[in-house]
A.B. asks: 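Got a structure for you, questions after.
Values reported hereafter were calculated over all heavy atoms of this structure, with side chains retained and with hydrogens, waters and symmetry mates removed. Keep in mind it's a predicted model, so treat the numbers as computed, not measured.
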Amino acid sequence: FALHQSGIFVNSEDYEQTQKEILRALKDNAKETFIKHHVKVYEDSSMPIWKTAEILTFGSISKIYSNLTPILQEEIAVDAELTIKTYKTWLHSFVLVRNICAHNGRLWNREISVFPTIFKKDNLWVPIKYLPKRIGTIIFCIKEMRRKHGIDNKNWKKEVEKLINEK
């Protein structure tokens, strides 16, 4: 699907906002090699979603997912082996944690206001005590999302453990 197709969105006002965010991101990132190449090679100014995702904020991506038609949301969630509701909470919590980190906020022992949910029907094995408002659950969800998309967690796991063990 392409983000310029209004029919894939539920709310037309949110669709219009998305289009403005994409145009702003294109303008802000016009010097990026892949954008210059796309503009030069393709007459159609609308970029495929994988290129657009490179320049959008994580928050914008989360909002886009929330405004997609239920059929598209289901396709994406199923691909990640999750329910729509779970996928939304994971994305939203990832955005919050990313923003906390970007602003040098404290994560350790912090209660997270937007937290990922884990439902029995998502078939997740949770090797930790499920404390949804704590960073451990979000770290687990990030690890699971990486695993579900075939991204090696071996080095990532070591890096997370190293960060946790630092004093």
Side-chain angles (χ1 to χ4, degrees), residues 1-108 110 112-116 135 138-160 162-163:
F1 61 89
L3 294 176
H4 67 277
Q5 297 171 316
S6 62
I8 67 169
F9 294 97
V10 175
N11 182 301
S12 61
E13 289 176 16
D14 289 345
Y15 164 76
E16 292 297 330
Q17 183 61 35
T18 295
Q19 298 312 303
K20 288 176 185 174
E21 287 178 28
I22 291 171
L23 289 174
R24 187 177 325 112
L26 280 169
K27 182 180 176 188
D28 292 346
N29 294 279
K31 293 183 180 180
E32 290 285 343
T33 304
F34 73 97
I35 293 176
K36 287 193 288 188
H37 174 264
H38 184 87
V39 170
K40 181 180 177 183
V41 173
Y42 302 98
E43 290 180 23
D44 181 8
S45 62
S46 59
M47 289 194 305
I49 192 166
W50 63 88
K51 288 182 181 179
T52 308
E54 285 286 323
I55 58 173
L56 290 176
T57 66
F58 206 6
S60 292
I61 292 170
S62 178
K63 288 176 196 170
I64 287 169
Y65 178 78
S66 293
N67 192 33
L68 291 174
T69 62
I71 292 169
L72 286 174
Q73 286 181 355
E74 180 76 18
E75 278 184 43
I76 293 167
V78 165
D79 187 55
E81 302 170 11
L82 298 171
T83 62
I84 293 172
K85 186 173 181 179
T86 301
Y87 197 88
K88 281 182 183 179
T89 66
W90 285 29
L91 274 181
H92 199 171
S93 65
F94 294 169
V95 169
L96 178 67
V97 167
R98 180 259 169 224
N99 289 343
I100 291 169
C101 292
H103 297 284
N104 296 315
R106 180 181 58 85
L107 280 176
W108 192 253
R110 177 183 188 148
I112 308 295
S113 61
V114 177
F115 52 91
I135 190 63
I138 295 172
I139 291 171
F140 171 78
C141 292
I142 293 169
K143 180 186 86 59
E144 278 298 299
M145 190 67 80
R146 290 172 55 92
R147 182 189 64 77
K148 290 169 189 293
H149 291 289
I151 302 169
D152 180 26
N153 279 315
K154 194 175 190 179
N155 291 332
W156 185 80
K157 180 181 176 186
K158 288 178 186 176
E159 290 297 319
V160 171
K162 181 180 168 186
L163 285 171

A.B. asks: Could you work out, with side chain to side chain contact (heavy atoms under 4.5 Å, CB included) as the rule, every residue matching S66, not counting sequence neighbours?
C.D. replies: K88

A.B. asks: Nearest 0.5 angstrom please: I61 CD1 to L91 CG, how far?
C.D. replies: 8.5 Å

A.B. asks: Measure the NE2-CE distance between H38 and M47 for me, rounded to the nearest 0.5 Å.
C.D. replies: 6.0 Å

A.B. asks: Give a yes or no answer on whether the side chain of S62 reaches the backbone of F58 with a donor-acceptor pair at less than 3.5 Å.
C.D. replies: no

A.B. asks: Indicate yes or no for a side-chain donor-acceptor contact from Q19 to the backbone of L3 under 3.5 Å, with no hydrogens or angles considered.
C.D. replies: yes

A.B. asks: Looking at every heavy atom in both P70 and I84, which two are closest together, and how far apart are they?
C.D. replies: O-CD1, 3.8 Å

A.B. asks: Start with the C-alpha distance between K143 and V160, add both sets of side-chain angles, then the distance that settles side-chain contact (heavy atoms from CB on, under 4.5 Å), and finish with yes or no.
C.D. replies: CA-CA 10 Å; K143 180 186 86 59; V160 171; over 6 Å; no

A.B. asks: Could you walk me through whether M145 and L82 pass side-chain contact (heavy atoms from CB on, under 4.5 Å), step by step?
C.D. replies: CA-CA 10 Å; M145 190 67 80; L82 298 171; 4.1 Å; yes

A.B. asks: Give, for atom OG1 of T18 and atom CG of N11, the distance between the pair rounded to the nearest 0.5 Å.
C.D. replies: 9.0 Å

A.B. asks: Please check if atom CD1 in I71 has more than 12 non-hydrogen atoms from other residues, nucleotides or ligands closer than 6.0 Å.
C.D. replies: no

A.B. asks: Taking all non-hydrogen atoms of both residues into account, name the closest pair between P116 and W90 and its distance.
C.D. replies: CB-CD1, 3.4 Å

A.B. asks: Can you check side-chain contact (heavy atoms from CB on, under 4.5 Å) on I55 and D28, steps first, answer last?
C.D. replies: CA-CA 9 Å; I55 58 173; D28 292 346; over 6 Å; no

A.B. asks: Would you please name every residue forming a side chain to side chain donor-acceptor pair (under 3.5 Å) with K36, sequence neighbours left out?
C.D. replies: none

A.B. asks: Is the backbone of E32 close enough, under 3.5 Å, to the side chain of N29 for a donor and an acceptor to pair up by distance?
C.D. replies: no

A.B. asks: Look at the side chain of N67 and the backbone N and O of F9, then say whether any donor-acceptor pair between them is shorter than 3.5 Å.
C.D. replies: no

A.B. asks: To the nearest 0.5 Å, tell me how far I135 CD1 sits from F140 CZ.
C.D. replies: 14.0 Å

A.B. asks: Testing the basics here: between R146 and W156, what is the closest heavy-atom pair and its distance to 0.1 Å?
C.D. replies: NH2-CB, 3.5 Å

A.B. asks: State, yes or no, whether a side-chain contact exists between I49 and I64 at a heavy-atom distance under 4.5 Å.
C.D. replies: no

A.B. asks: Just by modelled atom types, is the I112 backbone N or O under 3.5 Å from a matching donor or acceptor in the R110 side chain?
C.D. replies: no

A.B. asks: Hey, can you tell me if Y65 and Y87 have their rings parallel, tilted or perpendicular (30° and 60° cut-offs)?
C.D. replies: tilted

A.B. asks: Atom CD in E144, atom OG1 in T86: separation rounded to 0.5 Å?
C.D. replies: 12.0 Å

A.B. asks: Using the rule given for side-chain contact (heavy atoms from CB on, under 4.5 Å), can you reason through L96 versus I138, listing the C-alpha separation, both sets of side-chain angles and the distance that settles it, and then say yes or no?
C.D. replies: CA-CA 10 Å; L96 178 67; I138 295 172; over 6 Å; no

A.B. asks: For the residue pair H4 and Y15, what are the closest heavy atoms and their distance?
C.D. replies: O-OH, 2.8 Å

A.B. asks: With rounding to the nearest 0.5 Å, note down the distance linking NZ in K20 to CG in L23.
C.D. replies: 10.0 Å

A.B. asks: Minimum heavy-atom separation for R106 to I100, with atom names?
C.D. replies: O-CG2, 4.0 Å

A.B. asks: For C101 versus L107, what's the shortest heavy-atom pair and its separation?
C.D. replies: SG-CD1, 3.4 Å

